[in-house]
Participant: 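Here's a structure for you.
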Amino acid sequence: MELKKSQEEKWAEKLAAFEKWADEVDPADLKWLDSSSLKAVGRLAEQRDSLETELAQAVAAARQDDWSWAMIGIMLGVTRQAAQQRYGAAAAELAQSQ
């Protein structure tokens, strides 16, 4: 499983990408933009990341409580195989860390 980036690392990457764009943009092309929709995307992406972490922890707990991948898949609305492929490694990793 790939290492999770800290929130600071994620923001640093976003800032670096923005600064690169700002260095290359022609000021004549700029106009005032309502950024609320873009801010909503960023806010919701952060919420998604947080929920994904919580969901992986819940799946790991369900596995530790001896729930089958089939039952977990039903709760997720996916097949047993899809649940195990998506959360199997994370569940195993979380179980080992406890």
Side-chain angles (χ1 to χ4, degrees):
M1 183 174 169
E2 69 181 50
L3 295 177
K4 298 275 183 178
K5 293 181 184 176
S6 70
Q7 192 61 36
E8 291 79 21
E9 290 172 318
K10 291 178 185 178
W11 280 113
E13 287 178 0
K14 290 176 184 180
L15 179 60
F18 176 77
E19 288 175 344
K20 181 179 184 299
W21 171 83
D23 288 341
E24 296 171 359
V25 73
D26 182 352
D29 292 337
L30 295 178
K31 62 180 180 178
W32 182 85
L33 297 173
D34 179 2
S35 64
S36 60
S37 60
L38 188 59
K39 289 177 185 175
V41 170
R43 179 178 42 78
L44 291 168
E46 287 179 9
Q47 289 176 0
R48 178 206 56 217
D49 293 346
S50 176
L51 285 172
E52 277 296 323
T53 299
E54 286 183 54
L55 186 53
Q57 292 168 344
V59 168
R63 288 295 297 154
Q64 286 181 335
D65 290 343
D66 294 324
W67 285 103
S68 70
W69 284 112
M71 291 304 296
I72 293 169
I74 288 169
M75 297 308 294
L76 292 170
V78 300
T79 66
R80 171 191 64 80
Q81 294 89 346
Q84 190 172 13
Q85 286 174 351
R86 173 66 181 91
Y87 296 102
E93 185 176 304
L94 287 169
Q96 288 177 354
S97 68
Q98 293 179 350

Participant: Can any side-chain N or O of Ser6 pair as donor or acceptor with the backbone N or O of Glu9 at less than 3.5 Å?
Facilitator: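 Yes; judged by distance alone, with no hydrogens or angles, the pair exists.
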Participant: Can you list every pair that meets salt bridge (Lys or Arg N to Asp or Glu O under 4.0 Å) and has a residue in residues 72-92, with sequence neighbours left out?
Facilitator: Glu52-Arg86
Participant: Check whether any side-chain heavy atom of Trp11 lies under 4.5 Å from a side-chain heavy atom of Glu46, and answer yes or no.
Facilitator: yes
Participant: In terms of hydrophobic clusters joined by side-chain contacts under 4.5 Å, are Phe18 and Val25 together?
Facilitator: yes
Participant: Could you point out which residue of Val59, Thr53, Leu55 forms a side chain to side chain contact (heavy atoms under 4.5 Å, CB included) with Gln57?
Facilitator: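 Of Val59, Thr53, Leu55, side chain to side chain contact (heavy atoms under 4.5 Å, CB included) with Gln57 is met by Thr53 alone.
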Participant: Which side-chain N or O atoms in residues 64-79 pair as donor and acceptor under 3.5 Å with protein atoms at least two apart or in another chain?
Facilitator:
unit_1, atom_1, unit_2, atom_2, d
Gln64, NE2, Gln98, OE1, 3.1
Ser68, OG, Ala70, N, 3.4
Ser68, OG, Met71, N, 3.0
Thr79, OG1, Ala82, N, 3.0

Participant: What pairs with Lys10 under side chain to side chain donor-acceptor pair (under 3.5 Å), at least two apart in sequence or on another chain?
Facilitator: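 Lys10 satisfies side chain to side chain donor-acceptor pair (under 3.5 Å) with Asp49 once adjacent residues are dropped.
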